[in-house]
Protein chains: 2
Amino acid sequence: MNMTLEELTNKLKKKKIRLSYQRIKILEYINNHRIHPTVDQIYNDLRKEVPTLSKTTVYNTLNTLADSNLVKVITIGDNEARYDVTIKNHGHFKCESCGIIFDFNIDFNSFKIDGLSNFQINQKDIYFKGLCPKCIKKDASE
Amino acid sequence: MNMTLEELTNKLKKKKIRLSYQRIKILEYINNHRIHPTVDQIYNDLRKEVPTLSKTTVYNTLNTLADSNLVKVITIGDNEARYDVTIKNHGHFKCESCGIIFDFNIDFNSFKIDGLSNFQINQKDIYFKGLCPKCIKKDASE
DNA sequence: TAATTAATTTGTAATCGTTACAATATAGTA
DNA sequence: TACTATATTGTAACGATTACAAATTAATTA
Ligand SMILES: [Mn+2]
Ligand SMILES: [Mn+2]
Ligand SMILES: [Zn+2]
Ligand SMILES: [Zn+2]
C-alpha cells in the first residue's frame, strides 16, 4: 500500500507532470491516508510539514492529479469533494450519521443496463448512503 | 406523465405539507419538466408566471419536497444540484460535452456487493459520465 | 555550473451555489 | 372573521472553489 518516494515521482513523470515538493507531498499524503480526505484535511495536516503550503496549491495539485487519473474525486457529499487514490473500481458508502465514507466491492461489469446504447461511458460512480454498523448500534442504545 | 392539479395537491396533503401557491407551482414544474432542472432553471422559468417568487422559496420548497421523497436530488455535477420527480429507481448519465443528464434503466437488485454486511442502505445513486450519441457524432466530424 | 524561461506556488480577492435570518404575508383552524 | 403557526421574501452571510498577478522554482541550455 505505502509507496516509496521513487515510485511516486515515477508516477508523476509518467504523466509528464513536473515534479515539485508540494506535488510529491500531496500525492504521498493521498497514498498514505486512504480515508477519502477533504481538501481541508490534506491542507491542515500537510501544513505541519510544509508550513508555506497554500490551499490554492492543494486545489491546483488535486485537479492536476485528477486530470491525469492519479487521484479520483468523490462527490458523494453534497458540499465538499473528497479524494481517493485511483486503484481498481469500487463503490462508496457514506454513513449519514458519522460521515465516514467506506469502500465496498461491486462488480462493475455485471450491471444490467438499458438505455445507453451508442453512449460512450468514461466513468461509473456508485454512491450508497445509509448507516454504518457502529452508528446502527449507537442509535439502538439511545 | 402530466399530473392534474388535484393529484399534485393530494401528494402534498398525504405528506402533510401545507399547500401554498409556490409549492404547487414548483411541484407542477418538476413534474412537467423532466430534464433534471437546476434551481436557476426552475426559478427563472417560474418567475414568468409567478413574478414575486423568491429563489429562497425555490430552495426551501425543493428541500421540503426532497425530505418527503417527492423529489430526488441529483448531485452528479460537481457544482449545482439538479432535481428529479421520484419515480422508480434509475441511473443517471451526464454527457461531459453538452451537459445533458440522461436516465437509464439499471437493475438495482442485481448488484453483486461485497463489504456492506451489517450496513443499512437507505439510498443508491448510480452516476455515469461520458459522451452522448449526438456529441460523439459532433466530435467525429471536427 | 550559471543563465534562461516556462511552469508552479502563494496570498488575496472574487465567484457561485446555498443557507441564515428577520420582517411580512398567508394557510389552516376555530 | 380572528387567531396562530407556518411560509414567503429580500438581503446578508457562508463555504467551497476558482481567478489572478506577483514571487518563486523546475527543467533546459549554454
Ligand atoms: Mn475509495
Ligand atoms: Mn432521472
Ligand atoms: Zn456511521
Ligand atoms: Zn452530449
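What you see is a predicted model, and the numbers here were worked out from it, not measured in a lab. The figures that follow rest on heavy atoms only: side chains count, while hydrogens, waters and symmetry mates do not. Lettering of chains follows the sequences in order, A, B, ..., and the numbering in each one begins at 1.
B/Q22 has no side-chain polar atom (N or O) that falls below the 4.0 Å cut-off from OP1 or OP2 of C/dT26. Under 4.0 angstrom from either OP1 or OP2 of D/dA5 there lies no side-chain N or O belonging to B/R18. Side-chain N/O atoms of A/N63 include one lying less than 4.0 angstrom from OP1 or OP2 on D/dT18. OP1 or OP2 of D/dT17 has not a single side-chain nitrogen or oxygen of A/T56 nearer than 4.0 Å. The phosphate of D/dT17 (OP1 or OP2) has a side-chain N or O of A/Y59 nearer than 4.0 angstrom. Between B/S20 and C/dT26 there is no side-chain N or O to OP1 or OP2 distance below 4.0 Å.
In this structure, B/Y21 places its OH atom 16 Å from C1' of C/dA27, rounding to the nearest Å. Residue A/K13 contributes atom NZ, which lies 13 Å from atom P of D/dA26 at whole-angstrom precision. Taking atom CG on B/D40 and atom C1' on C/dC16, their separation rounds to 10 Å, with Å as the unit. Computed from coordinates, the B/Y43 OH to C/dC16 P distance equals 16 Å when rounded to whole Å. A/R47 has its CZ atom 16 Å from the C1' atom of C/dT9, to the nearest Å. If you measure from atom CG of A/L53 to atom C1' of D/dT25, you get 15 Å, rounded to the nearest angstrom. The nearest whole Å value for the distance from the CG atom in B/D67 to the P atom in C/dT19 is 11 Å. Nucleotide D/dT9 holds its P atom 14 Å from the NZ atom of B/K25, rounded to whole Å.
Each of B/D67, B/D84, B/D125, B/D103 was checked for a salt bridge (Lys or Arg N to Asp or Glu O under 4.0 Å) with B/K72, and the lone residue meeting it is B/D125.
Distances from the side chain of A/E80 to the nucleotides C/dT9, D/dA27, D/dT17 place D/dT17 closest. Closest contact between the side chain of A/N60 and the listed nucleotides C/dT9, C/dT18, D/dA16 involves C/dT9.
In this structure a side-chain-to-backbone donor-acceptor pair under 3.5 Å is present from B/Y127 to B/T75. Checking side-chain atoms of A/S68 against main-chain N and O of A/K15 turns up no donor-acceptor pair under 3.5 Å.
Counting non-hydrogen atoms under 4.0 angstrom, A/T52 reaches the backbone sugars and phosphates but no base.
Take the nearest nucleotide of DNA chain D for B/I17 and for A/N79: the residue whose nucleotide is more 5' is B/I17. Comparing B/V39 and A/R23 against DNA chain C, the residue whose closest nucleotide sits nearer the 5' end is A/R23. Take the nearest nucleotide of DNA chain C for A/S54 and for B/K55: the residue whose nucleotide is more 5' is A/S54.
Rounded to the nearest 0.5 Å, atoms CZ (A/R23) and CZ (A/R18) are 8.5 Å apart.
With sequence neighbours excluded, the residues forming a side-chain contact (heavy atoms from CB on, under 4.5 Å) with B/D114 are A/N105, listed by chain and number.
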